[in-house]
Amino acid sequence: MSLPEFKLLRPQTLEEAVGYLAKHASNIRVLAGGTDLIPSMRQRLFEPEYVLDIRHVAELKGIRQGPEVEIGALTPLTAIEHSEFLRQHYPVLAEAAATVASPLLRNMGTIGGNICLDTRCLWYNQSLTWRKGCGFCIKKDGDLCHVAPGGSKCWAVFSGDTPPALLCLDAQIEIASSTRVRRIPLREFYTGIGDSYRRLEANELVTRVFLPAASADYRGVYRKLRIRGSIDYPLAGVAVALKRSNGHVTDARLAITAVNPSPMLIKGAAHMLEGKAVDALLAEAVGDVAAKTAKPLTTSALTPEYRREMIRVFTKRAVLAAANS
Ligand SMILES: Cc1cc2nc3c(=O)[nH]c(=O)nc-3n(C[C@H](O)[C@H](O)[C@H](O)COP(=O)(O)OP(=O)(O)OC[C@H]3O[C@@H](n4cnc5c(N)ncnc54)[C@H](O)[C@@H]3O)c2cc1C
Ligand code: SF4
């Protein structure tokens with residue numbers, strides 16, 4: 001499949017990049033690693049007039065330690081996976097990054113691209129010919145949903161691996177445009193709506209991720225379901241970060257991905273775990289709560305029932321692994 005025609009813009013600085021975004025906001029797409037954008041453009045899901053290739057903006061690369069940890073949006077997932085500092089102090093993030101796609105894709109793919117990743121659906125991530133044959137849907141060019149016929153909402157699924165880990169770490173993101181820089185908790189970035197899944201204006205760029213010092217040194221585990229272990233997007237994913245003292249949990253965070261239109265923190269998990277010594281019964285009870293929060297539909301090749309069940313199973317295993325590590 002060939003790429004549609006577009007004009008390539010290659011800024012060298014952040015100022016130049018947001019300037020281009022301001023000028024062409026109505027018809028532009030940001031390219032970071034391009035590992036998701038380029039296949040989507042080949043499938044004619046996006047046909048922007050301009051592509052903003054930000055790969056040469058050096059100030060958006062790298063992991064900086066300080067009172068809080070700062071990760072540039074252009075930092076490759078490989079750098080996060082292999083960072084000794086992150087592996088030691090923020091293990092859930094390094095572990096989640098290590099499960100994304102394949103080594104080659106992690107060399108190209110960035111943390112900013114992973115956070116901004118488009119939602120996915122069996123009926124959407126297809127060629128133009130395929131989509132035309134089946135009938136276009138709400139997310140692109142149509143007005144019906146094949147997954148929930150009769151409804152007017154798109155349920156395409158957020159399928160990134162690092163955002164649930166970042167949610168567990170209480171991460172914030174910085175967003176820049178030519179007129180302002182804002183900083184928000186990552187949990188406020190996602191909308192829960194498949195076809196407008198992120199709160200990002202067309203003239204804005206995600207520039208940095210911040211990890212608070214208070215989230216350091218939590219035991220962390222990430223578990224994911226996928227068809228091919230070596231390369232696939234998650235079809236269900238669970239991240240857990242917890243702290244223990246004297247064998248009892250003092251704080252816990254749990255988040256799921258790939259089963260809803262946004263990655264989600266599981267409310268109530270912390271309350272269930274805090275002050276307790278974790279055993280199989282308790283881990284199973286937390287798994288039940290996570291499975292109730294998961295709302296998988298027929299957006300992928302695996303059945304919703306199986307994906308929900310795997311959220312239950314992975315939550316139990318992840319909680320036990322984090323508590324016993
Ligand atoms: C075969 C295959 C398997 C994959 N498996 C996985 C997987 O297991 N887990 C997973 O999480 N992902 C997977 N991916 C998707 C992708 O490789 C990763 O999500 C990667 O992190 C995307 O980063 P990128 O820099 O390449 O993003 P790009 O493709 O460059 O961009 C992705 C989206 O984010 C936007 N964007 C990128 N950076 C910014 C920014 N700084 N500010 C604003 N918008 C931005 C782009 O405009 C685009 O809409 C897979 C992809 C392929 C092709
Ligand atoms: S959930 Fe429905 S509207 Fe959304 S991409 Fe899938 S088929 Fe289209």
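What you see is a predicted model, and the numbers here were worked out from it, not measured in a lab. Ligands are counted one by one from 1 in listed order, and the atoms in each one are counted from 1 as well.
The protein heavy-atom contact nearest to atom 1 (S) of ligand 2 is Trp155 N, 3.2 Å.
For ligand 1, the polar-atom distance check finds an N/O of Gly33 within less than 3.5 Å of one of the ligand's N/O atoms. The shortest N or O to N or O distance between Lys224 and ligand 1 is below 3.5 Å. Backbone and side-chain nitrogen or oxygen atoms of Leu31 are examined, and none is located within less than 3.5 angstrom of a nitrogen or oxygen of ligand 1. Every N/O-N/O distance between Gly160 and ligand 1 stays at or above 3.5 Å. Residue contacts with ligand 1: Asp36 is placed with a nitrogen or oxygen under 3.5 Å of a nitrogen or oxygen of the ligand (distance criterion only). Considering backbone and side-chain N/O atoms, Ile54 never comes within less than 3.5 Å of an N/O atom of ligand 1. Every N/O-N/O distance between Ala73 and ligand 1 stays at or above 3.5 Å. Looking at ligand 1, you'll find an N or O of Leu37 within less than 3.5 Å of one of its N or O atoms. Taking any N or O of Thr35, backbone or side chain, at least one lies under 3.5 Å from an N or O belonging to ligand 1. Distances between N or O atoms of Leu105 and those of ligand 1 include no value under 3.5 Å.
Looking at Arg183 and Glu68, a side-chain N of the basic residue comes within less than 4.0 Å of a carboxylate O on the acidic one, giving a salt bridge. Here Lys153 does not pair with Asp195 in a salt bridge; the nearest charged N to carboxylate O distance is not below 4.0 Å. Electrostatic pairing of Lys224 and Asp232 does not count as a salt bridge here, judged by no charged N lying under 4.0 Å from a carboxylate O. A salt bridge between Arg29 and Glu47 is absent, with no side-chain N of the basic residue lying under 4.0 Å from a carboxylate O of the acidic one. Using a cutoff of 4.0 Å between basic side-chain nitrogens and carboxylate oxygens, Lys140 and Asp118 are not scored as salt-bridged. Contact check on Lys243 versus Asp251 returns no salt bridge, with no Lys/Arg side-chain nitrogen under 4.0 Å from an Asp/Glu carboxylate oxygen.
Around atom 2 (Fe) of ligand 2, the closest heavy atom drawn from Cys134, Gly194, Gly142, Cys145 belongs to Cys145.
By the criterion of a heavy-atom distance under 4.0 Å, neither the backbone nor the side chain of Ser40 is placed next to ligand 1. The side chain of Leu200, and not its backbone, has at least one atom closer than 4.0 Å to an atom of ligand 1 (non-hydrogen atoms only; side chain from C-beta on). Using a 4.0 Å cut-off between heavy atoms, Asp232 contacts ligand 1 through its backbone alone, with no side-chain atom that close.
Taking every heavy atom of Lys139 and a limit of under 4.0 angstrom, the matching atoms of ligand 2 come to 3 (S), 5 (S). The ligand atoms of ligand 2 that sit less than 4.0 angstrom from a heavy atom of Tyr124 are 5 (S). The distance from ligand 1 to the heavy atoms of Leu205 drops below 4.0 Å at these ligand atoms: 42 (N).
Atom 6 (Fe) of ligand 2 has an N, O or S atom of Cys121 under 2.8 Å away, backbone or side chain.
The aromatic rings of His24 and Tyr20 lie parallel to each other, their planes meeting at an angle below 30°, with 60° marking the opposite boundary.
Looking at Pro76 and Asn107, their side chains never come closer than 4.5 Å, going by heavy atoms from C-beta outward.
A distance below 6.0 Å separates the ring centres of Tyr190 and Phe158.
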